[in-house]
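As structure tokens, the structure follows; a few thoughts come after it.
As a basis for the values below, the full set of heavy atoms in this structure was taken, side chains included, without hydrogen atoms, waters or symmetry mates.
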Amino acid sequence: MNILLWIVQILLALLFVFAAVMKLIFPTPPEIPLPDWFLKFIGLCELLGGLGLVLPGLFRRQQYLTPLAAIGLTIIMIGAVVFSVKFFGFKYAISPLITGLLCAFVAYARWKVRPLQYSFT
């Protein structure tokens, strides 16, 4: 279970860091009806959440942050699903829905099923 969680965490971290860099570097496309500052904020949250999925476990410091990062990314994905359904239709909401479910899986599993080994030194 631990190996599966690490694989999912790394893949999600890569996805969110890539999406965050795209939001932070490139201007907002005209078909997205959101202000530029809001997308930059979401990009920053995705970057921090993506790093929070793997860095606490790798450095073995403050490992309680991993499920919290996954919860935060789940909340972002709920907003992405609602936004996608409202502006683009149901078929565009499938990808953020699956991503959000994977984030929720990581949050639950790292909180209750297989928490990271905590070290307080």
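- Side-chain N or O atoms of Lys40 include one that pairs as donor or acceptor with a backbone N or O of Lys23 at under 3.5 Å.
- The shortest side-chain heavy-atom distance between Trp111 and Leu68 falls under the 4.5 Å cut-off.
- In this structure the side chain of Ile32 reaches within 4.5 angstrom of the side chain of Phe83, judged on heavy atoms.
- Thr74 approaches Ala104 most closely through the heavy-atom pair OG1-N, 3.3 Å.
- In the hydrophobic clustering of ILVMFWY residues, with side-chain heavy atoms under 4.5 Å counting as a link, Tyr108 and Leu4 come out together.
- When all heavy atoms of Val85 and Ala93 are compared, the pair lying nearest together is CG2-CB, 3.4 Å.
- Residue-environment remark: CD1 (Ile3) stays at or below the threshold of 12 foreign heavy atoms within 6.0 Å.
- Aromatic ring orientation, Tyr92 versus Phe88: perpendicular (interplanar angle above 60°, classes split at 30° and 60°).
- A continuous path of ILVMFWY side-chain contacts below 4.5 Å connects Phe41 to Leu39, so both sit in one hydrophobic cluster.
- Looking at every heavy atom in both residues, Ala20 comes nearest to Gly43 through CB-O, 3.0 Å.
- Linking Ile, Leu, Val, Met, Phe, Trp and Tyr residues whenever their side-chain heavy atoms come within less than 4.5 Å places Leu14 and Val54 in a single cluster.
- Follow the hydrophobic side-chain contacts under 4.5 Å out from Ile75 and you never reach Val82; the two are in separate clusters.
- Leu65 and Leu48 are not part of a single hydrophobic cluster, where members link through side-chain heavy atoms under 4.5 Å apart.
- Under a 3.5 Å cut-off, the side chain of Gln9 and the backbone N or O of Leu53 do form a donor-acceptor pair.
- In this structure, the side chains of Leu12 and Thr99 come closer than 4.5 Å at one or more pairs of heavy atoms.
- One distance of note links CG of Leu51 with CG of Leu58; it measures 10.5 Å at 0.5 Å rounding.
- Listed here is the closest heavy atom pair of Leu24 and Leu44: CD2-N, 4.0 Å.
- Residue Leu15 holds its CG atom at 14.0 Å from CD1 of Ile10, rounded to the nearest 0.5 Å.
- Taking 4.5 Å as the limit, some side-chain heavy atom of Arg110 sits within range of a side-chain heavy atom of Asn2.
- Looking only at side-chain heavy atoms (C-beta outward), Val106 and Pro67 stay at 4.5 Å or farther from each other.
- A heavy-atom distance below 4.5 Å is found between the side chains of Phe105 and Leu5.
- Heavy-atom minimum distance, Gln62 versus Pro56: O-CB, 3.6 Å.
- In this structure the side chain of Phe16 reaches within 4.5 angstrom of the side chain of Met77, judged on heavy atoms.
- Summarising the geometry, atom CD1 belonging to Ile98 is positioned 12.0 Å from atom SG belonging to Cys103; distances are rounded to the nearest 0.5 Å.
- Looking at heavy atoms from C-beta onward, Met1 lies in side-chain contact with Val113 at the 4.5 angstrom threshold.
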